[in-house]
Amino acid sequence: MDIDETPPPKKLRNKQRVLMLSSRGITHRMRHLMNDLETLLPHVKKDAKLDSKNHLNLLPELADLNNCNNALYFEARRHEDLYLWAAKTPNGPSIKMHVQNVHTMDELKMTGNCLKGSRGILSFDKAFDESEWGRLTKEVFTHIFGVPPQARKAKPFIDHILTFSILDNKIWFRNFQIVEKDPLQPNGPPQTTLVEIGPRFVLTPIRIFEGAFGGATVFSNPEFVSPAAVRAALNKERGIRYKNRKFAEEERSGRQDLRKREEDELAVSKVFA
């Protein structure tokens, strides 16, 4: 009788760890957003700020030194524009996104609450499966925002849902608490409802690179316009309006000068001088 001595297949373990850091020049709202994400993701390891924005090739090495295979890098420009890099290290891919409409947990409209260190359910819109960049983004976000059950700071509870939706070619992030009972009827039948916790923000994908923080461009968003270009266009429009207004004033004053008649010798100002 032959005995099959083939060892059973090993169960794959989720060993995702995320390095989170920012550049110099972030504002208080950007810093609060980073702190909220660090609270939501117990497998995140936070590092010091990166001094130079031109040396992004150092980030894979920093992730390797911290034993992380994912990276979230918040890049602040002009103290008002925030960009988010989500990358798999050290081989990529990496996604560069523009962050807008940031609302943190501390705002009054966020009435939900969840246990610190608890794991969340990831919910992706079906629109992610309709495009190549959507499927790639979904896979990267699953590795970064999916908390491993073996994470050191994770607790064995699931009490919130992280939702990612695509609308107008933008990624909308929301976080909801799972409420099992109606607070108005504590002794009544269980009714599962969702209450928003925060944070919330909108991500506009700019480029997807083949490598980690660089390499060949896999996807480029043709509809993206940088906020600096938008501000420049608004300033130019205001300058054109100011120039037209000044030109109209000069024309009006010129017409008024032409309408003035030269005073004759019988003018009142000369007769009674």
What do the steps show when you test Asp129 against Arg135 for side chain to side chain contact (heavy atoms under 4.5 Å, CB included), and what is the final call? CA-CA 5 Å; Asp129 298 327; Arg135 287 191 288 270; 4.2 Å; yes
Quick one: salt bridge (charged side-chain N to carboxylate O under 4.0 Å, His left out) pairs with a partner in residues 151-175, sequence neighbours left out? Arg174-Glu196
Salt bridge (charged side-chain N to carboxylate O under 4.0 Å, His left out) pairs, two or more places apart, involving residues 31-43: Glu38-Lys46
Assess whether a salt bridge exists between Glu237 and Arg241, defined as any Lys/Arg side-chain N lying under 4.0 Å from an Asp/Glu carboxylate O. yes
Qualifying residue, where the test is side-chain contact (heavy atoms from CB on, under 4.5 Å) with Leu84 and the options are Lys96, Met97, Met30, His98: Met97
In this structure, which one of Thr217, Ile95, Asn221 forms a side-chain contact (heavy atoms from CB on, under 4.5 Å) with Arg207? Thr217
Nearest heavy-atom neighbours spanning [X] and [Y]:
X      : Y      : result
Ser94  : Gly214 : OG-N, 3.9 Å
Leu72  : Ala86  : CD2-CB, 3.9 Å
Ile144 : Leu41  : O-CD1, 4.2 Å
Leu62  : Leu21  : CD1-CD1, 4.2 Å
Ala212 : Lys88  : CB-O, 3.6 Å
Leu122 : Thr142 : CD1-CA, 3.9 Å

Within-4.5 Å side-chain heavy-atom neighbours: [X] and [Y]:
X      : Y      : answer
Leu194 : Ile161 : yes
Lys49  : Ser22  : yes
Met20  : Phe74  : yes
Tyr73  : Leu56  : yes
Ile158 : Ser118 : no
Leu167 : Val202 : no
Asn66  : Asp47  : yes
Arg119 : Pro149 : yes

Are [X] and [Y] connected in the hydrophobic side-chain network, where two residues link if heavy atoms are under 4.5 Å apart?
X      : Y      : value
Ile26  : Val102 : yes
Phe173 : Ile208 : yes
Phe213 : Leu203 : no
Phe141 : Leu162 : yes
Leu65  : Leu58  : no

Mind running side chain to side chain contact (heavy atoms under 4.5 Å, CB included) on Asn113 and Val195 for me, showing each step along the way? CA-CA 8 Å; Asn113 192 10; Val195 180; over 6 Å; no
Heavy-atom neighbours of Glu80 CD exceed 12 at 6.0 Å: yes
Once you round to the nearest 0.5 Å, how far does [atom1] of [X] lie from [atom2] of [Y]?
X      : Y      : atom1 : atom2 : result
His28  : Thr104 : NE2   : OG1   : 8.5 Å
Ser131 : Ile166 : OG    : CD1   : 5.5 Å
Asn175 : Ser123 : CG    : OG    : 11.5 Å
Thr193 : Ile178 : OG1   : CD1   : 10.0 Å
Phe145 : Asn70  : CZ    : CG    : 10.5 Å
Cys68  : Leu59  : SG    : CG    : 12.0 Å

Fit a plane to each ring of Phe224 and Tyr83, take the angle between them on a 0 to 90° scale, and name the class: parallel (under 30°), tilted (30 to 60°) or perpendicular (over 60°). perpendicular
Side chain to side chain contact (heavy atoms under 4.5 Å, CB included) against Ala151, all qualifying residues, sequence neighbours excluded: His43, Val147, Pro148, Ala154
Among residues at least two apart in sequence or on other chains, which ones pass side chain to side chain contact (heavy atoms under 4.5 Å, CB included) with Lys243? none
Evaluate side chain to side chain contact (heavy atoms under 4.5 Å, CB included) for Arg200 paired with Asn101, printing each intermediate quantity in order. CA-CA 8 Å; Arg200 62 160 72 169; Asn101 302 333; over 6 Å; no
Side chains of Glu75 and Ser23 only: does a donor on one sit below 3.5 Å from an acceptor on the other? no
Can Lys15 and Asn69 be counted as having a side-chain donor-acceptor contact under 3.5 angstrom? no
Excluding sequence neighbours, so at least two apart, what forms ring-ring contact (aromatic ring centres under 6.0 Å, His included) with Phe124? Phe128, Phe164
Let me see the working for Ile197 and Phe176 under side chain to side chain contact (heavy atoms under 4.5 Å, CB included), right down to the final yes or no. CA-CA 5 Å; Ile197 304 174; Phe176 296 95; 5.9 Å; no
Pairing residues for Arg17 by the salt bridge (Lys or Arg N to Asp or Glu O under 4.0 Å) criterion, not counting sequence neighbours: none
